[in-house]
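Below: the structure, in structure tokens.
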Amino acid sequence: MEKKHFETEAIRNQDPRSQNREHSVPVYLTSSFVFDDAEQARALFADEIPGNIYTRFSNPNNTELVNKICRLEGAEDGLACASGMSAIFTILGALLKSGDHVLASRALFGSSHQILNQILPKWGITTTYVDLQSPDTWAAAVRPETRLVFVETPSNPGLDLVDLEWLAGFCRDRSLISVVDNCFATPYLQQPLTYGLDLVSHSATKFIDGQGRAIGGLIAGRADLVKEIRFFARHTGPSLSPFNAWVFSKSLETLAVRMDRHCDNAFRLAQWLETRPEVERVIYPFLDSHPQSALARRQMRQGGGVVSFVIRGGIDAGRLFLDSLAMLSHTANLGDARTTATHPASTTHSKLSEADRLAVGISPGLIRISAGLEHIDDIVADIDRALAAVNNSHRNNPS
Ligand SMILES: *Cc1c(COP(=O)(O)O)cnc(C)c1O
């Protein structure tokens, strides 16, 4: 199929119909596939012909989803995994060996830190953290044994960015494998591979599903690297369930319209929060007050669905704010049709030390909002009510 617009690719890139002439792709809930004869079985196992053998290796629903994400990310090849974390661990486990060193941005998803800090060192793989805001310090952190660079942009929840074009050059000059967790942007807002980066990972659980139903992860990028990753996954078994693959493939059909609304609601919410006296600071990539807003506008189609803000009054104000919400969901998930609110310091990033949290911009009063698809006026009204509750408590208990 000749390359069409993003929206069309996300919808029209589907498996050929079966003999049943279905319009929407069916779910292939089968653990294995039958061989026509002994010679075909031999050829399939020898990788001489393409085809499904066993669902841990491949399945039509997973293949369809992977083909779709590859078209959307501009990738040569990809793989579907059981969760965003299994996608990240599979990349690192497949490509790194004992003695290797990783350069990672300090602002990473909490479980990514746990893999780098607690799990990979068991196999002699070490990590140095660098700051997204100061790329001039990265070169000094590279060692002869550095093999891979891992970043998130925009980061969760500080919404810092790295210049993807600069990063591609930095990694190319030093022959480092580059991996971008593209979960917050989705391929609709930014496509790291088109700058020459090697691999992207996704938590499909977030905006790709978009409705808080299923856990899954995706990998897309350079064919030679995906080949090593596929070997690792085939034998270690982090494969995605075909049912979840079907859910994500259907979800991708609506990604563009959903992201337009997520981003529109998030931007309007961010602008409104900036006018509020209870709020110390609002962080959103497309706000003029964001130190990297020019870069955000260069490499992202829109600013994303997540807004972070610092409420005056620190941890107590943050907790009171969350307890005063009536409609918004207080939950650790994001990228849902329902607007969600999280307090990273006490939940998703609680395993980091206070110093590490502050280094990635997670102050005690930081609140992360993932703007959903409800009407913006109702989202704002609920936050307005919760901010008023915080305000009243300040007035009643001046400290
Ligand atoms: C949620 C998330 C992950 C982990 O994904 P799971 O599907 O929960 O395993 C990784 N990276 C980012 C940026 C995330 O938000």
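Just follow the structure's listing: the first ligand is 1, and inside any ligand the first atom is 1. Note: hydrogens, waters and symmetry copies are ignored here, and every other heavy atom, side chains too, is used.
Ring-plane geometry between His113 and Tyr129 is classed as tilted, the angle between the planes lying from 30 to 60 degrees on a 0 to 90 degree scale. Taking the six-membered ring where tryptophan is involved, the planes of Tyr284 and Phe267 are essentially parallel, since the angle between them stays under 30° and well short of 60°. The aromatic rings of Phe57 and His235 sit tilted, their planes meeting at an angle between 30° and 60°.
Of all heavy-atom pairs spanning Asp264 and Gln302, the tightest one is N-OE1, 4.4 Å. Heavy atoms only, all atoms of each residue included: Arg312 and Val390 are closest at O-CG1, 4.5 Å.
A heavy-atom cutoff of 4.0 Å around ligand 1 is satisfied by the protein residues Ser83, Gly84, Met85, Phe109, Glu152, Asn156, Asp181, Cys183, Phe184, Ser203, Thr205, Lys206, Gly216.
Contact check on Asp382 versus Arg385 returns a salt bridge, with a Lys/Arg side-chain nitrogen under 4.0 Å from an Asp/Glu carboxylate oxygen.
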